[in-house]
Engineer: 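One structure coming up, written as structure tokens, with questions to follow.
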Amino acid sequence: MPQIDDEVPRHIAIIMDGNGRWAKSRFLNKAAGHRAGAQALRKLATEAEKIGVKYLTVYAFSTENWKRPQDEIETLMNLLRDYIQQYIDDTKKNDMRISVIGETARLADDLQAKIKELEEMTAAKKGLRIIIALNYGGRDEIARAARKAAAMVMSGSLSISAITESYFESFMDTAGIPDPDLLIRTSGEMRVSNFLLWQCAYSEMYFTDKLWPDFTISDLKEAIAQYKGRDRRFGARKE
Ligand code: FPP
């Protein structure tokens with residue numbers, strides 16, 4: 001049995017940034033950068049599972065990414081189709097559970113159907129849980145959760161005073177998933193960019209200049225080593 005390090009963050013969230021710059025530096029088109037990014041993610045997920053990570057949430061497409069050129073949007077959607085299909089084909093081989101968060105109703109019907117198929121096929125898996133944020137925005141998620149709570153209040157099935165932080169959490173896309181311990185962003189940008197705004201309240205942040213397609217398990221281990229050196233107090237005082 002491999003030794004599991006219990007200090008490894010249980011949940012890691014990643015903003016996979018820098019695919020475009022990676023491609024440009026190699027005189028390739030953006031599609032090649034996103035393809036390399038998708039490959040990097042597949043490889044990293046397997047390695048992360050081996051070292052004991054339980055949840056991996058990745059920002060694949062934000063509510064703001066619709067503002068990109070149409071051909072880039074199509075490239076990303078097609079990559080997601082392929083990626084999801086690969087996991088559907090792999091379900092017998094691995095024990096990963098995959099789910100999607102975000103406003104999926106805006107996605108193409110066939111993509112929605114594939115997502116549903118993959119989520120159902122892997123629902124009982126016990127290995128690494130990969131959560132793909134797709135047409136996801138933190139503010140949008142909070143607004144959708146508020147609408148769900150408001151509808152229940154209007155129908156008389158929920159009282160206003162029952163809307164506590166922990167109850168409100170049950171309306172979020174990530175209901176039941178522990179908050180990320182560590183948030184990683186690649187490519188030198190130091191912003192949260194509307195990712196997991198509610199869930200990252202106490203996450204440790206790690207920024208690296210590495211571009212996403214170049215990010216490997218040794219970079220992840222470096223991020224984890226830094227995380228282990230942090231003093232997490234969650235607002236309290238440690239005597
Ligand atoms: C940011 O790089 C990355 C994205 C907008 C999409 C992330 C997508 C992938 C890694 C591939 C597909 C994902 C899955 C789950 C299959 P950028 O294009 O903004 O980079 P730049 O800032 O250098 O232009």
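Start at 1 and go down the list; that is how both ligands and their atoms are numbered.
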Engineer: For H34, counting its heavy atoms only, list the atoms of ligand 1 lying under 4.0 Å from any of them.
Structural biologist: 11 (C), 18 (O)
Engineer: Does the N or O separation between G18 and ligand 1 drop below 3.5 Å for any pair?
Structural biologist: yes
Engineer: May I have the step-by-step check of side-chain hydrogen bond (donor to acceptor under 3.5 Å, both in side chains) for Y136 and E103, ending in yes or no?
Structural biologist: CA-CA 6 Å; Y136 176 87; E103 178 65 300; over 6 Å; no
Engineer: Only heavy atoms of G20, strictly under 4.0 Å: list the atoms of ligand 1 that pass.
Structural biologist: 17 (P), 18 (O), 20 (O), 21 (P), 23 (O), 24 (O)
Engineer: For ligand 1, which is the ligand I care about here, please tell me if Y83 has any N or O atom under 3.5 Å from one of the ligand's N or O atoms.
Structural biologist: no
Engineer: Would you mind checking which non-hydrogen protein atom is closest to atom 12 (C) of ligand 1, with the distance to 0.1 Å?
Structural biologist: A38 CB, 4.1 Å
Engineer: Are any of the side-chain heavy atoms of I14 and L56 separated by less than 4.5 Å?
Structural biologist: yes
Engineer: What is the nearest protein non-hydrogen atom to atom 14 (C) of ligand 1, stated with its residue, atom name and distance?
Structural biologist: L80 CD2, 3.8 Å
Engineer: Ignoring hydrogens and geometry beyond distance, is a side-chain donor-acceptor pair present between T216 and D219 at under 3.5 Å?
Structural biologist: yes
Engineer: W198 vs F168 aromatic rings, parallel, tilted or perpendicular, using cut-offs 30° and 60°?
Structural biologist: tilted
Engineer: Set out, in order, the CA-CA distance, both residues' side-chain angles and the distance that settles side chain to side chain contact (heavy atoms under 4.5 Å, CB included) for V58 and I131, then state yes or no.
Structural biologist: CA-CA 6 Å; V58 292; I131 299 134; over 6 Å; no
Engineer: Identify the protein heavy atom lying closest to atom 9 (C) of ligand 1, giving its residue, its atom name and the separation to 0.1 Å.
Structural biologist: N19 ND2, 3.6 Å
Engineer: Relative to atom 18 (O) of ligand 1, which among R68, R21, M16 owns the nearest non-hydrogen atom?
Structural biologist: R68
Engineer: Both conditions, 6.0 Å and 45 degrees, for the charged tip of R185 above the ring of W212: are they met here?
Structural biologist: no
Engineer: Search all heavy atoms of K114 against all heavy atoms of I88 and return the closest pair with its distance.
Structural biologist: O-CD1, 3.9 Å
Engineer: Using distance alone, determine whether A60 and ligand 1 share an N or O pair under 3.5 Å.
Structural biologist: no
Engineer: For ligand 1, does L41 get within less than 4.0 Å through its side chain, its backbone, both, or neither, judged by non-hydrogen atoms?
Structural biologist: side chain
